[in-house]
Protein chains: 2
Amino acid sequence: MNEQKFCYKYPHPSVTADCVIFGFDGVSIKVLLIQRGIEPFKGKWAFPGGFMKIDETAEECARRELEEETGLKNAAVEQFYTFSDVNRDPRERVVTVAHYALVRLSEVKGGDDAASARWFAMDEVPSLAFDHDRILRMAVNRLKERICFEPIGFELLPEVFTMTELQNLYEAILEVKFDRRNFYNKMLKLGILSEAEPRPANATNRTPNKYRFNAEKYAELKQKGFRLEF
Amino acid sequence: MNEQKFCYKYPHPSVTADCVIFGFDGVSIKVLLIQRGIEPFKGKWAFPGGFMKIDETAEECARRELEEETGLKNAAVEQFYTFSDVNRDPRERVVTVAHYALVRLSEVKGGDDAASARWFAMDEVPSLAFDHDRILRMAVNRLKERICFEPIGFELLPEVFTMTELQNLYEAILEVKFDRRNFYNKMLKLGILSEAEPRPANATNRTPNKYRFNAEKYAELKQKGFRLEF
DNA sequence: GTCCAATTGCGTAAAAATAACGCATTTTAT
DNA sequence: ATAAAATGCGTTATTTTTACGCAATTGGAC
């Protein structure tokens, strides 16, 4: 017997949410990929993703996928583009709402099927399933744009970090090099960092200051209309 | 008899594309709205939009809506967000891929049903149908962001324009005021404008220079990695 | 242990970009 | 006829960005 019980006058595409999960290991940006166990594209790597349920938004769907793979509930997730090419899935018409998530690698537990999931550095990413190559390019571009104007970078770092770690993150994402001292001055002048602990009197060099992102200060500044700019 | 002949194992949302159409009349930004003739939200204003066909992309769908309302085939259209709130349409689950289009008002012909279509200045826009208030806010924000980094503003102006017209456009979109002389210098220094016709020797003041957007120059500059910045 | 290279905090000076404003001329509106 | 507004083309002051110096300290090589 046929179980196709949801019927419509016109053909409806399937809607999925995909989630490009970015992490940062202190040196380079990584992305979490899943190896496909079934056709099509069996054996190829792809982003976590799945069908949107009828009672959840696309973002909720993306968060669900994120949690399944990483155990994380509260990461930063943002929708960045919807891909609707007619033949992007060979089986049927599928429209996917693509998101990216920024996670702290230290907080990531292995997902349900860790066996088939792996972190890839950006320059190690193989050719992907479906149109996921294009999705990744777009995600990276959006991340680059975003990190210049919103302090999303902090979502990738530990709560407490050094200025060098923060600079490494910016350099990894934007693929540029900054002068260490200018980066330091600029960041501090922005006023969105607070010292994690007061620098001890006997502190010497080579014992870097630790900072944390100050969300309250940022909210204040943002209200006054302020941009990060890099 | 029932015509519901497209059947699926799981419920599928409808997918639509909406198109926020922006124009510029030399003074203020306008948006094209359609008055709904049927429930829900009968009598309320909304953006042109409609169901995505099974063999077209969301952008093609948005362009189709745009052409129906304005007669324009080649306007600038960009997807900016997909709205998937569960109850955004009271009838059924509808996911909409929202786009904005930038059109030259002079090129717009009345659409199929011009009777129910009207241009509204941004500060005249009434409360809209569905979640279109939110869609408009987001479209405007995206437009503001975009115009700072991509020369999309020229899509709203006639081919040939004066510096004052260009400034008025930027001021209308960004809701700020620029010093006329600084704006003039900055724009010229960017190098993406060419004089529409050489300024005649007998030209006097009060006969403003005419410019046009130089796409070739812009492509060159963009390649070298350059940003507009305002 | 000694020594060198790398790291960190804190500055300063030059260069570039931005913002503020001047002025003569010409046209439109009153 | 006259005042007000628009235009082209500047200049100057201020702010921001960039380039770089320097001393102190640590980790690693040997």
Side-chain angles (χ1 to χ4, degrees), chain A residues 25-28 147-149 157-158 160-172 174-212 221 224-230, chain B residues 24-28 147-149 151 157-158 160-172 174-212 221 224-230:
Chain A
D25 64 3
V27 178
S28 57
I147 205 180
C148 287
F149 300 107
L157 288 175
V160 170
F161 49 85
T162 68
M163 194 61 82
T164 302
E165 288 170 333
L166 183 60
Q167 180 173 352
N168 286 342
L169 172 64
Y170 271 85
E171 291 183 342
L174 298 174
E175 298 180 279
V176 295
K177 288 290 174 188
F178 296 110
D179 178 272
R180 177 181 61 84
R181 294 147 295 185
N182 290 338
F183 184 88
Y184 176 99
N185 289 330
K186 182 162 191 172
M187 265 297 166
L188 287 187
K189 200 174 51 173
L190 284 177
I192 58 176
L193 296 184
S194 36
E195 292 204 353
E197 55 215 79
R199 187 172 176 77
N202 65 338
T204 61
N205 288 355
R206 199 61 188 255
T207 312
N209 287 347
K210 302 271 194 171
Y211 301 91
R212 63 177 80 233
L221 289 171
K224 295 176 194 159
F226 128 108
R227 303 198 309 190
L228 279 177
E229 292 271 0
F230 273 89
Chain B
F24 179 66
D25 65 2
V27 177
S28 56
I147 205 182
C148 287
F149 300 107
L157 288 174
V160 170
F161 49 86
T162 70
M163 195 60 82
T164 302
E165 288 169 333
L166 183 60
Q167 180 174 353
N168 287 342
L169 173 64
Y170 271 86
E171 292 183 342
L174 298 175
E175 298 179 277
V176 295
K177 289 287 174 190
F178 296 110
D179 178 272
R180 176 181 61 83
R181 295 149 292 186
N182 291 338
F183 184 89
Y184 175 100
N185 288 331
K186 182 162 190 169
M187 264 299 169
L188 288 186
K189 202 173 50 169
L190 283 177
I192 58 175
L193 297 184
S194 36
E195 292 204 354
E197 54 215 80
R199 187 172 177 76
N202 65 337
T204 62
N205 288 357
R206 201 59 187 251
T207 313
N209 287 346
K210 302 270 195 173
Y211 301 91
R212 64 177 78 232
L221 289 171
K224 296 176 192 159
F226 127 110
R227 304 197 309 190
L228 279 176
E229 295 271 359
F230 274 89

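Below, chains carry the letters A, B, ... as their sequence lines are ordered, and counting in each starts from 1.
- A cation-pi contact links B:Lys186 to B:Phe230, judged by a cut-off of 6.0 Å to the six-membered ring centre and 45° from its axis.
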Before you tell me yes or no, could you show the steps for B:Asn168 and B:Val27 under side chain to side chain contact (heavy atoms under 4.5 Å, CB included), namely the whole-Å CA-CA distance, both residues' side-chain angles and the distance that decides it to 0.1 Å? CA-CA 6 Å; B:Asn168 287 342; B:Val27 177; over 6 Å; no

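- When the P atom of C:dT27 is taken as reference, atom CG of B:Asn209 falls 14 Å away, rounded to whole Å.
- Formation of a donor-acceptor pair under 3.5 Å by the A:Glu171 side chain with backbone atoms of A:Phe178 is found in this model.
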Could you write nucleotides 11-19 of chain D as a row of B, S and -, 5' to 3', where a protein heavy atom under 4.0 Å of any base atom gives B, of only sugar-phosphate atoms gives S, and otherwise -? -------BB

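- Side-chain contact between B:Lys210 and B:Phe161 is absent, with no heavy-atom pair separated by less than 4.5 Å.
- Straight-line distance from the CZ atom of B:Arg180 to the C1' atom of C:dA20: 13 Å, rounded to whole Å.
- The distance from atom CG of B:Leu228 to atom P of C:dA17 is 15 Å, rounded to the nearest whole Å.
- Counting to the nearest Å, the P atom of C:dT18 and the CG atom of B:Leu188 are 15 Å from each other.
- Look at CG on B:Asn168: it is 9 Å from P on D:dA6, rounded to the nearest Å.
- For A:Met187 and C:dC10, the CE to P distance is 17 Å, given to the nearest whole Å.
- Take A:Tyr184 and apply the side-chain contact (heavy atoms from CB on, under 4.5 Å) test, not counting sequence neighbours, and it matches A:Met163, A:Leu188, A:Tyr211.
- Taking side-chain N and O atoms only, A:Tyr184 has no distance below 4.0 Å to OP1 or OP2 of C:dT8.
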Stepwise, does the side chain to side chain contact (heavy atoms under 4.5 Å, CB included) test hold for A:Leu193 with A:Arg212? CA-CA 6 Å; A:Leu193 296 184; A:Arg212 63 177 80 233; over 6 Å; no

Worked check of side chain to side chain contact (heavy atoms under 4.5 Å, CB included) between B:Lys177 and B:Tyr170: CA-CA 9 Å; B:Lys177 289 287 174 190; B:Tyr170 271 86; over 6 Å; no

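- Residue-level contact check: A:Thr164 touches the backbone only, with heavy atoms under 4.0 Å from sugar-phosphate atoms and none from bases.
- Look at CZ on A:Phe178: it is 19 Å from C1' on C:dT8, rounded to the nearest Å.
- The side chain of B:Thr207 places no N or O atom within less than 4.0 Å of a non-bridging phosphate oxygen (OP1 or OP2) of D:dT7.
- Between A:Glu195 atom CD and C:dT8 atom P there is a gap of 15 Å when expressed in whole angstrom units.
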